[in-house]
Structure formats: C-alpha cells, structure tokens
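Naming convention: chains lettered A, B, ... in sequence-line order (proteins, then strands); numbering from 1 in each chain.
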Protein chains: 2
Amino acid sequence: MTSKGAEVGTVRPGGRTARVRAAVLRATEDALVEQGFDGLDLGAVAQRAGVGKTTVYRRWGSATALVADLLVDMAEQSLPRADTGSLTEDLLANARLVRRTLADPRQGTLFRAVIAAASCDERTAEALRRFYQVRVREWAVCVEQAIQRGELPEDTDPDEVVRAVSAPLYYRLLASQQPLDEASADRAAHAAVAAAKAGVYARTR
Amino acid sequence: MTSKGAEVGTVRPGGRTARVRAAVLRATEDALVEQGFDGLDLGAVAQRAGVGKTTVYRRWGSATALVADLLVDMAEQSLPRADTGSLTEDLLANARLVRRTLADPRQGTLFRAVIAAASCDERTAEALRRFYQVRVREWAVCVEQAIQRGELPEDTDPDEVVRAVSAPLYYRLLASQQPLDEASADRAAHAAVAAAKAGVYARTR
C-alpha cells in the first residue's frame, strides 16, 4: 500500500517515518526552548510528540542524539543563500538573516541552549560544528562568485568571510549581551567586505 | 591592632576580608571549571575555600552573586591595554591576549561556564555585560589614540572596534567550535583595523 501510494505520489516513501521525526524534533526544540539541554528528557519528548517512548529510545537513544539530529534538520531547513550579483548585498542578506534568527525569542533561545550544551558535550559540539559547516558552505558561494567577478583578491578564503559576518552577531548574543539591532547586522556585513577587500582573509600560505 | 598594622603598612586594611574574598572566588572558579554553573554550591565553595559556610551565605548569598563578584574580580585582575603607538600593534596585542585567555583550558572552560550561565540567568548576563564594558573601555583608549593620530576617521566608535577584535575569537570558541590558533587572532586584529579604516565603525548618526 505504502509503496503503491508512493508510486502514484499520494504518500511519500517514508512518510510515516518522516512525520515521526518531524514531531519528535519539534518536541525536542520546544523542550530546549523551555527548559534548556539539562531538562531534555526522552520520555517527555515522546509524550509531547505523541509518539511511543520505545520509538524515541530506539531511533535516537539519548538527548545528545536528539540535539544532533535537530541540528541536521535545522541546517537542511535553513534558507538558501542570496544571489544578488553584489558581494555587499549578498552579505547584507546573510547578516540580516542571522540577526533575525538570533533576535527571534524562540530561535535565539534555541541557539543559546544548543551552544550551552556544546560547551559541555563533545558530541553536541561536533554536531554544531557540522551545522555551521553546512551553513557557511551554502553562503560561501556568494564570496566565490565575488572572487570570480574580481571584487575580492583571488586567494580569499570564502568560508572565513562568511564566518566574519556571523561573528559579531554571535558575540552580541552570547558575550557582550548587547541588543541585536539591525545596524549591528549591516555593520557586520560591511566590516567583512572591507576586511576581505583589504586581503585579510587570504588563505594561510 | 588591625588599624595600627594598617598604619605602619604591615597589614592591609581589610586584609582578612580581602583574603576571604580571594579564597572564595578562587573556589568559585575551581567549581565552575570542574562542574559548571549548575554544580555551583555555596556550601561546597565555603568548604573548598576553608571559610565558614555562614560567611559565604551572608556575604554572597547565591551562586549568581558569587559569579557576579568573580566577574568583577576578573575585570580588575585583567592585564592593562597595550600602548605601542600603532593601532595595528595595539589590537594585535589585544587579540593575542583574548586568544590566549580563551585557548587556555582553565580560562576557556571558565568563560564557557559563565557564558552558559548568562544565557539562562539575567543577573549573570548583567554581570557579564559589565565585565565586557570594563574590558572594552580599557582597550578603547588605543583606538581613541589612533583617532587622535589621524589613523582612523574621527567619528569612529572606539568600543565597536575593540569588540570587533574579540568577536571572531568568541565565535570560534562558542559557535563554530574551530581551534583558536594564533593566525585567527592576528586575522581578527587586521580585520578590525581594515574595517575601521574603511569607516565601518562610524557612530550611528
């Protein structure tokens, strides 16, 4: 039935599996936002998701694995990069997207919770590292295109430029505890462009 | 006796009070490094510091107050700014100091713990905000002098330049989970200088 349904396109293959995963990850997100990583309990997540406990224990098995899978999903669901034809405009779009995400009460709390968890758990740190790799790679294409257009030195490291846009925004959220206003996003993008043009992000030779 | 000793300079006024505070803050730091903020217990801190429980409860009263006082002490104990006569050299010194601190296993863990605590406790967040204000102000004088020397546009916001040096290093520690190598420190300083010279950190008008 499922495979026949899949053939005619009415039911996606793996539809139930995907729906269970979506419900469990949504419940994981809710729990992280409300109670942080330390309050993440597999039984409570299963109940909130309306899914059997054994399913959650069998498929994920630990709070760390739930967070790791949530980060995979967050990377997949994130918005694609901009493609305006101008490096400054592309990086302004990236900075504004990052700012909007971190300034959003739910998303900001989620990132704080995951980052706090990564600071004391190596598997979560690894999952977070992969999340940023995926996101940085997506936007690094904007920088690669700018290099091809001759806007930046040829030996510019595209990943470093993208990270430079995010860094001041995360610094405000986590360290200096300053508000994430729109001006801070635009300044982050303009700073990355100025430093990249000055050759600061040349690959280490 | 104490006041007489203070007069002739053999015993500092408040010597015992200061020694108790030093021992308690050191014990607080140890506990944060070993167990994080959630494991911070006033009774255990008192025992580790060799100080009476009632003293710790009376003078600090909560784990949050201990961390807040530790941050005041950390700001006071931090190294003074550089004064090389060159903005780039001054900011390189700042970046290398921040990198060394965050890359140090004990200090890095301490900062992660305090930052994690700030993400779920407003009083700790406020104490952390003040810590960075003090440190940023100390080093902002380097930028003010560079403006006076004509190295930077007159309307440059000195605090923003100093924060720009720290941001990529904290981003590596907390978000991207990349190693804090020396090259990352030098790049952070050079990026801040390039962006400042390009007028990115002009005060919002």
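Of the two parts of R130(B), neither the backbone nor the side chain holds a non-hydrogen atom closer than 4.5 Å to a non-hydrogen atom of chain A. Heavy-atom distances place both the backbone and the side chain of A167(B) under 4.5 Å from chain A. Heavy atoms closer than 4.5 Å to chain B are found nowhere in A164(A), neither backbone nor side chain. Only the side chain of D38(B) comes within contact range of chain A, with at least one heavy atom under 4.5 Å from a heavy atom of that chain. Of the two parts of E160(B), only the side chain, counted from C-beta on, holds a non-hydrogen atom closer than 4.5 Å to a non-hydrogen atom of chain A.
Residue E182(A) places its CD atom among 12 or fewer non-hydrogen atoms of other residues, nucleotides or ligands, all under 6.0 Å distant. Within a 6.0 Å radius of CD in E154(B), other residues, nucleotides and ligands contribute 12 heavy atoms or fewer. The environment of CD in Q47(B) is sparse: at most 12 heavy-atom neighbours from other residues, nucleotides or ligands sit within 6.0 Å.
Of the N and O atoms on the side chains of R129(B) and Q178(A), not one donor lies less than 3.5 Å from an acceptor on the other residue.
Smallest separation of non-hydrogen atoms from Q177(A) and L128(B): NE2-CD2, 3.7 Å. The heavy-atom pair separating S166(B) from Y171(A) by the smallest distance is CB-CE1, 3.7 Å. Taking each heavy atom of A118(B) and R112(A) in turn, the nearest pair found is O-NH1, 4.2 Å.
The greatest number of non-hydrogen atom pairs below 4.5 Å with chain A, out of A194(B), A175(B), P168(B), is found for A175(B). Taking A183(A), A116(A), A191(A) one by one and counting their heavy-atom pairs under 4.5 Å with chain B, the maximum is reached by A191(A). Here S119(B) is the residue among G199(B), S119(B), A113(B) with the most heavy-atom pairs under 4.5 Å with chain A.
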